[in-house]
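Notes follow once the structure below has been shown.
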Number of protein chains: 2
Amino acid sequence: MTSDQTPAQRLPTLEDVAQVAGVSRATVSRVINNIRNVDPQLHKVVWDAVTATGYVPNRAARSLVTGRTGAIALVVSEAENRAADDPFLGAFFSDPFFGRVVGGVLSVLRPSGVHLALVLAGDEDACAKVVSDVRQGQVDGVVVLSLHPHDPLPRLLADAAVPAVLYGRPAAPMPISYVDVATYQGAKLAADHLIARGCQHVATISGSVDMPAGVDRLNGFREAMAKQGVAYVPSYDGGFTQEGGERAMERLLAEHPEVDGVFVASDVMAQGVMTVLREAGKAVPDDVAVIGFDDSSAALATRPQLTTVRQPVEDMAAEMARLLLTRIDQRANRTTSVIFDPDLVARASA
Amino acid sequence: MTSDQTPAQRLPTLEDVAQVAGVSRATVSRVINNIRNVDPQLHKVVWDAVTATGYVPNRAARSLVTGRTGAIALVVSEAENRAADDPFLGAFFSDPFFGRVVGGVLSVLRPSGVHLALVLAGDEDACAKVVSDVRQGQVDGVVVLSLHPHDPLPRLLADAAVPAVLYGRPAAPMPISYVDVATYQGAKLAADHLIARGCQHVATISGSVDMPAGVDRLNGFREAMAKQGVAYVPSYDGGFTQEGGERAMERLLAEHPEVDGVFVASDVMAQGVMTVLREAGKAVPDDVAVIGFDDSSAALATRPQLTTVRQPVEDMAAEMARLLLTRIDQRANRTTSVIFDPDLVARASA
DNA sequence: TCGGGAGCGGAGAGCGCTCTCCCTCTGTGC
DNA sequence: GCACAGAGGGAGAGCGCTCTCCGCTCCCGA
């Protein structure tokens with residue numbers, strides 16, 4: 001009776017449930033994991049016993065024998081040249097985008113009882129650690145937010161053939177799963193909208209052109225404008241920052257004062273663009289129509305509010321989680337990609 | 001030699017290290033965990049063997065026997081009346097604040113190898129689940145971001161006497177650890193700054209007065225102004241939202257057009273305030289000086305940039321993690337609170 | 001010289017679970 | 001009526017680790 005002295009302290013185990021249900025440990029395990037056919041009556045008896053005892057499987061014990069942890073990591077990879085505690089990483093975290101991804105991923109993970117561990121990979125060493133963490137079974141797989149085009153992490157993950165899903169197409173082609181948005185289509189939505197408004201002098205402020213998102217948004221927009229009969233579209237690199245957006249808009253205004261429509265490759269840059277336009281005495285959208293990209297919360301913070309191309313971040317993040325869970329489940333080494341359609345969210349700026 | 005057929009597949013275990021080092025499993029364990037005095041020479045031999053084999057302790061096995069998981073949860077508790085997948089939760093995640101907390105917590109956790117699991121508690125059931133998760137050893141403890149004054153989670157955690165640390169003082173007094181900022185002092189910084197500027201007609205836009213932060217920032221400001229000889233300060237409730245800030249500022253301007261200095265209880269509200277002031281043709285800071293609170297990224301997004309009371313979010317979050325780890329380590333049920341000093345970050349708006 | 005204690009390392013028992021065997025029992029076909 | 005298949009359930013091994021015992025060695029003082 002030693003073990004019964006502190007019944008409130010000791011958590012119920014399989015053994016306890018088995019005893020209450022009058023079956024063996026193995027049977028309880030089968031019921032809990034839905035394995036093989038267990039007699040329906042017994043099935044119910046076991047579940048009743050589970051409820052009665054308040055039994056919850058012990059993760060550690062289960063992990064130990066299955067070799068799975070029931071946890072995946074969300075890796076925010078900042079690796080390139082900055083230290084992990086660099087203020088810049090904080091700045092990224094400050095971006096609304098991060099939280100939306102977390103929300104999307106968790107919406108899928110919660111029902112399946114999988115934990116989400118947060119990991120920051122600030123440099124190449126940290127990236128290597130991420131890979132070894134997966135191989136050593138600290139987590140079953142990773143979803144990755146990679147912030148730089150030269151981030152070594154995607155390559156490392158692909159080489160290690162480890163369960164992983166990226167947010168956004170990797171900068172270089174490699175065998176790794178990812179979700180992305182149909183950027184060309186999004187840029188086309190913006191182009192068509194500006195044309196439909198009657199804009200005669202359209203320009204674009206692009207993101208960094210060494211990032212897939214930067215290149216695709218620029219090229220997609222140009223292509224769509226070409227289809228509309230506009231052969232040339234001036235473009236300025238805003239580097240995906242608010243500050244960069246301001247500088248780019250200043251140059252655009254200086255060199256093309258006749259501009260009456262701008263496609264800005266991110267909402268954050270668009271914030272800067274709006275500021276510059278206001279200071280230049282240009283009314284939005286009457287003098288200059290502005291369209292952003294992402295539909296982040298920045299789009300709601302501007303006045304007038306920003307018309308933008310909506311990237312379904314939450315849905316994409318949820319799909320990442322789904323792809324990863326499938327991959328882990330099947331233990332097969334197949335890579336997949338899922339591309340989402342963007343929408344145009346028409347607000348006041350265009 | 002069965003087990004040696006696929007040496008690349010099987011991860012090294014304590015046993016393997018022991019064999020290489022020529023000692024027993026127990027000794028390797030002692031070395032790894034720094035327990036008792038092990039002969040320094042042997043110590044080195046063991047570490048060499050660890051390096052040689054590439055051994056990494058198996059979390060699950062360790063957990064199983066120690067009863068610790070080596071993971072803590074960051075709980076974002078939205079519990080009050082909304083469902084977990086409600087868009088509002090997404091909106092919270094969009095707030096820069098969240099990411100800063102994560103960064104701070106991780107900076108402490110990473111060195112100690114503790115995992116950070118993200119948990120969303122959208123309703124009271126989810127809160128109960130959080131508590132049982134800790135009791136059932138899914139995680140060793142929790143750090144909590146509680147978003148509503150009537151959130152049941154802090155109470156549940158306190159009652160269960162579970163290792164937990166809150167961000168911000170709980171709405172009602174209870175035995176639970178927390179970190180907070182010296183709000184009165186912060187409000188005083190703002191008051192003194194406005195007075196020093198020569199503002200004659202000072203008002204404040206407060207947050208929700210049913211939240212500790214809302215009440216304290218308002219009362220602290222009033223008290224500080226009183227000390228400066230200003231007996232009455234008009235106040236308007238902006239509910240901690242940008243929209244609410246706009247409405248409050250509109251009313252303030254209508255009822256006190258002579259206002260020349262405003263303390264706004266959050267940067268997000270201040271964004272709205274700035275918009276309204278601009279539309280009303282008031283120059284900031286010449287006509288009206290504006291001071292915010294938080295030093296969030298919203299403070300950098302306004303033009304002119306916002307003078308604000310800086311809440312050292314990252315430091316506070318780091319301290320939360322530290323307090324929690326200590327609490328878990330000692331297994332003692334003592335509650336502590338740590339209060340941080342705010343700074344005034346002088347930018348252009350005041 | 002010997003007893004005793006401190007220091008150090010090994011043996012071995014589990015932690016709670018899954019999963020492979022194997023046994024039992026029922027039902028079916030000849 | 002018997003062999004056999006097949007399904008349901010039990011026994012038990014063992015996942016990798018920690019930690020309690022226990023025994024050995026070595027040094028010191030008597």
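Small disclaimer: the values here were computed from a predicted structure and weren't measured. Chain naming here is simple, since letters A, B, ... match the order of the sequence lines and numbering starts at 1 in each.
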Atom pairs, N/O to N/O, protein against nucleotides 24-27 of chain C, distance under 3.5 Å?
none

Less than 4.0 Å between a side-chain N and a carboxylate O, is that true for B:K44 and B:D48?
-> yes
Distance, nearest 0.5 Å, that separates CD1 of A:I32 from NE2 of A:H43 | 9.5 Å
Is the backbone N or O of B:R59 less than 3.5 Å from a side-chain atom of B:S63, with the two atoms forming a donor-acceptor pair by type?
-> yes
Answer yes or no: does a side-chain N or O of B:S29 lie under 4.0 Å from OP1 or OP2 of D:dC17?
-> no
Would you say B:Q19 has more than 12 foreign heavy atoms packed within less than 6.0 Å of its CD?
-> no
What distance separates B:L109 CG from B:R322 CZ, expressed to the nearest 0.5 Å?
-> 11.0 Å
Rounded to the nearest 0.5 angstrom, the CD1-CG distance for B:I72 and B:L324 is 4.5 Å
Listed by chain and number, what are the side-chain hydrogen bond (donor to acceptor under 3.5 Å, both in side chains) partners of B:T51, not counting sequence neighbours?
-> none
To the nearest 10 degrees, how far apart in direction are the end axes of the helix from C:dT1-D:dA30 to C:dC30-D:dG1, each fit to five base pairs?
-> 50°
Apply the side chain to side chain contact (heavy atoms under 4.5 Å, CB included) test between A:L323 and each candidate in A:I328, A:V179, A:T335; give the one that qualifies.
-> A:V179
Of the nucleotides D:dG10, C:dG12, C:dG9, which one has an atom closest to the side chain of B:D39?
-> C:dG9
Looking at D:dG16, C:dG10, C:dT20, which one has an atom nearest to any side-chain atom of A:R30?
-> C:dT20
By a strict heavy-atom criterion of less than 4.0 Å, which residues belonging to residues 53-68 of chain A are in contact with DNA chain D?
-> A:L64, A:V65
Quick one: A:Q41 CD to D:dG8 P, roughly how many Å, whole number?
-> 13 Å
B:I32 has an atom CD1; how far is it from atom C1' of D:dG16, in whole Å?
-> 12 Å
Euclidean distance, atom NE2 of residue B:H43 to atom C1' of C:dG7 [Å, nearest integer] | 15 Å
Determine the minimum heavy-atom distance between A:V130 and A:V119, stating which atoms define it.
-> CG2-CG1, 4.0 Å
With a 4.0 Å heavy-atom cut-off, tell me which residues in residues 14-24 of chain A come close to DNA chain D, sorted by residue number.
-> A:V23, A:S24
For B:D180, check side-chain hydrogen bond (donor to acceptor under 3.5 Å, both in side chains) against everything at least two apart and list the hits.
-> none
Spacing of OH belonging to B:Y167 relative to CE belonging to B:M320, to within rounding of 0.5 Å = 7.0 Å
Rounded to the nearest 0.5 Å, how far apart are CG of B:L118 and CG of A:L74?
-> 8.0 Å
Value in whole Å for how far the P atom of C:dG10 lies from CZ of B:R25 = 11 Å
Side-chain donor-acceptor contact under 3.5 Å, A:S77 with A:D151 = yes
